[in-house]
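Everything numeric here is computed off the predicted structure, so don't read it as measured data. Counting starts at 1 for both ligands and their atoms, in listed order. Basis for what follows: all heavy atoms, side chains included, without hydrogens, waters or symmetry-related copies.
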Amino acid sequence: MRERIRTQIATLLPQASRPPHAVFIQVGENPASTTYVSAKGAASQKVGILSTIERLPASISQVELLERIRAHNDDAGVHSILVQLPLPEHIDPRVVIEAIDPRKDVDCFHPENVGRMTVGLPGPRPATPQGIMLLLEHYGIELAGREVAILGRSNLVGKPMALLLLEANATVSIGHSRSRDLGELTRRADIIVSAVGRAGMLSAAMVKPGAVVVDVGINHVPLLDEQGEPVYDESNRPLSRIVGDVDFAAVEPLCEWITPVPGGVGPMTIASVLENTLTLYKALELQ
Ligand code: GUN
């Protein structure tokens, strides 16, 4: 995907007056957000998208943040704006998302774009669900008429994932923290998408043999040595490692396909952000 996007940008550049430019805004110093924003910025540069990472202090007021967004909305040289979530407590993410010009909304979080997606109109699609759809398509995984269980009902993953799968004619169920029996839901499923954020939550007993499992979870757990003891760095801080929602060692032997964490859905999310940036750029610059 990255190579295709890079080639397409190089081909388009001579017809356009400027290169694509993506702005990534991070408020505060959440370490996970720093990692994601840096990864998106670096991936953009590699395919020929100019990227600006704007790191703002956690103390910034909502009004000041909205002013920054407005400045990027009004700047014709900026084609995509991403505000990394979560935001500090005193800032309402709904207000911030609605302040982004829908034509520059690379995340597809703005209600106008969510509405367009819901009724099947063209426009950006949320990066993680879109990345998962491309992954399923690439591996030739049939969706029409098949049972898909989604775990998690967030606006970022669960809900848009359900819409995209429905559009591909899957039979979709969404399980969440108030569902009575998640295992019943997942054992019936041909495809399971887990976006809960709890390590080891999808056990082997919850998976039908031959299922396809997509793990969206990113969970930090303590790094243990062979004796099961925590490992520390030179400053005596406990080291951690990243795992998904799925008990990978137990579930993997049952599956037809399974995505690893890290290295499965994450890189697809980033590639989808690049793809959306290109789509927004084309709509703003070349029509
Ligand atoms: N936080 C976690 N995932 C995302 C994402 O896809 N976009 C934004 N803006 N923030 C996030």
Give me the nearest non-hydrogen protein atom to atom 7 (N) of ligand 1 as residue plus atom name, then the distance to 0.1 Å.
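Result: D107 OD1, 3.0 Å.
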
Nearest non-hydrogen protein atom, atom 11 (C) of ligand 1
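Looking at atom 11 (C) of ligand 1, the protein heavy atom closest to it is Q84 NE2, 3.2 Å.
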
Residue-ligand contact V83/ligand 1, heavy atom below 4.0 Å:
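Contact present.
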
Going by heavy atoms, is Y36 under 4.0 Å from ligand 1?
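Contact absent.
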
Tell me if a side-chain donor or acceptor on D245 pairs with a main-chain N or O of R198 at a distance below 3.5 Å.
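Pair found, side chain donor or acceptor close to backbone of R198.
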
Sub-3.5 Å donor-acceptor pair from the side chain of K104 to the main-chain atoms of N73, do we have one?
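Flag set: sc K104 to bb N73 pair under 3.5 Å.
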
Report yes if some N/O of T269 lies less than 3.5 Å from some N/O of ligand 1; otherwise report no.
no

Is T128 in polar range of ligand 1, meaning some N or O pair under 3.5 Å apart?
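No, there is no polar N/O contact under 3.5 Å.
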
Inspect the contact between R4 and E275 and indicate whether a charged nitrogen and a carboxylate oxygen are less than 4.0 angstrom apart.
yes

Taking the basic N atoms (NZ, or NE/NH1/NH2) and the acidic carboxylate oxygens, is any pair closer than 4.0 Å for E3 and R6?
yes

Please assess T259 against F248 for the test side chain to side chain contact (heavy atoms under 4.5 Å, CB included), listing each intermediate value before the final yes or no.
CA-CA 9 Å; T259 64; F248 191 89; over 6 Å; no

To which of L156, L85, I100 does the heavy atom nearest atom 4 (C) of ligand 1 belong?
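It is L156 whose heavy atom sits nearest to atom 4 (C) of ligand 1.
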
Quick one: which ligand 1 atoms are inside 4.0 Å of a heavy atom on L82?
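Selected atoms, number and element: 9 (N).
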
Please verify the inter-ring angle class for Y281 with H79; under 30° counts as parallel, over 60° as perpendicular, anything in between as tilted.
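Perpendicular: the ring planes of Y281 and H79 meet at over 60°.
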
